[in-house]
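Comments concern the structure below.
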Amino acid sequence: MTAQIQYADVEVGTELPAGSFPVTRATLVRYAGASGDFNPIHWNERFAKEVGLPDVIAHGMFTMAEAIRVVTDWLGDPGAVVEYGVRFTKPVVVPDDEQGALIEVTAKVAAKLDDNRVRVDLTAMSAGQKVLGMSRAVVRLA
């Protein structure tokens, strides 16, 4: 696969289609099984509160992975991501109810680089709070 977006068709400020990603406790259990990260802050409400958290929280790497989906969906090729990094600023709190939490992600092209690469800056929010800071990806376009 190669990126389906043409470098020549992209300008600084180009906005990518936004994404909304629901997270439930069941999602966290499945992620824990896949990742091997069974830290009780991700599934045990009593434990999470005992260590000072407001409730169970999503895994940071899960949050990071959900956010980059906006970029990979836009690209049409996950392999076009050259670099990706974030700072974890706030946790995604996942209540034990039917709705759970929602991670809302927006992104835009922040810089055109050499070799058909662009830097994309992402904003990830949950419950009105920015949950990832300095969220940036460098991707190679067609």
Side-chain angles (χ1 to χ4, degrees), residues 1-7 9-113 115-142:
M1 294 178 73
T2 57
Q4 298 174 11
I5 306 297
Q6 298 292 316
Y7 182 81
D9 295 339
V10 175
E11 298 297 330
V12 171
T14 298
E15 293 186 14
L16 284 60
S20 294
F21 308 101
V23 186
T24 64
R25 296 278 177 97
T27 308
L28 299 181
V29 170
R30 286 191 299 275
Y31 181 81
S35 68
D37 181 352
F38 294 100
N39 186 322
I41 63 173
H42 304 303
W43 57 270
N44 184 315
E45 185 174 334
R46 178 184 47 78
F47 184 85
K49 289 181 177 183
E50 283 176 2
V51 298
L53 295 168
D55 206 333
V56 165
I57 63 170
H59 303 73
M61 296 303 286
F62 172 83
T63 304
M64 187 177 175
E66 290 292 82
I68 197 66
R69 287 176 55 189
V70 167
V71 177
T72 58
D73 289 351
W74 175 67
L75 290 169
D77 177 12
V81 176
V82 177
E83 297 175 27
Y84 178 44
V86 305
R87 281 190 178 166
F88 301 106
T89 55
K90 298 278 184 186
V92 175
V93 178
V94 182
D96 189 14
D97 60 19
E98 297 297 318
Q99 285 77 38
L102 190 64
I103 301 169
E104 298 174 286
V105 183
T106 58
K108 68 179 177 179
V109 174
K112 289 187 84 167
L113 310 170
D115 197 24
N116 283 15
R117 296 175 307 135
V118 298
R119 190 185 89 217
V120 177
D121 290 354
L122 298 90
T123 301
M125 307 284 292
S126 185
Q129 295 191 40
K130 192 173 182 180
V131 295
L132 298 176
M134 299 294 293
S135 184
R136 295 180 174 166
V138 174
V139 300
R140 181 166 285 111
L141 303 180

Find the distance between [atom1] ([X]) and [atom2] ([Y]) and round it off to the nearest 0.5 Å.
| X | Y | atom1 | atom2 | result |
| --- | --- | --- | --- | --- |
| Asp96 | Thr24 | CG | OG1 | 9.5 Å |
| Thr123 | Lys108 | OG1 | NZ | 8.0 Å |
| Ser135 | Lys130 | OG | NZ | 8.5 Å |
| Ser20 | Met125 | OG | CE | 12.0 Å |
| Glu66 | Thr27 | CD | OG1 | 8.0 Å |

Mind checking whether [X] and [Y] have side chains closer than 4.5 Å, heavy atoms only?
| X | Y | value |
| --- | --- | --- |
| Arg117 | Tyr7 | no |
| Leu102 | Phe21 | no |
| Met61 | Tyr31 | yes |
| Val120 | Leu16 | yes |
| Thr72 | Asp77 | no |
| Val56 | Asn44 | no |
| Glu15 | Trp74 | no |

Determine yes or no for a side-chain-to-main-chain donor-acceptor pair under 3.5 angstrom, with [X] supplying the side chain and [Y] the backbone.
| X | Y | answer |
| --- | --- | --- |
| Thr14 | Glu11 | yes |
| His59 | Asp37 | yes |
| Lys112 | Val10 | yes |
| Asp55 | Ile57 | no |
| Tyr84 | Met64 | yes |
| Thr89 | Val131 | yes |

- Message: Do the side chains of Arg25 and Glu45 get close enough for a salt bridge, i.e. N-O under 4.0 angstrom?
- Response: yes
- Electrostatic pair Asp115:Arg140 at N-O distance under 4.0 angstrom: yes
Can you give me the closest heavy-atom contact between [X] and [Y], atom names plus distance?
| X | Y | answer |
| --- | --- | --- |
| Ala142 | Asn116 | O-ND2, 3.3 Å |
| Val70 | Ala107 | CG1-CB, 4.1 Å |
| Phe88 | Gly60 | CE2-O, 3.1 Å |
| Ala111 | Val12 | CA-CG2, 3.9 Å |
| Ala110 | Asp121 | CB-OD2, 3.3 Å |

- Member of Thr106, Val86, Val71 meeting the side-chain contact (heavy atoms from CB on, under 4.5 Å) criterion with Leu122: Val71
- Message: Among Val139, Val138, Val118, which residue satisfies the side-chain contact (heavy atoms from CB on, under 4.5 Å) criterion with Leu113?
- Response: Val138
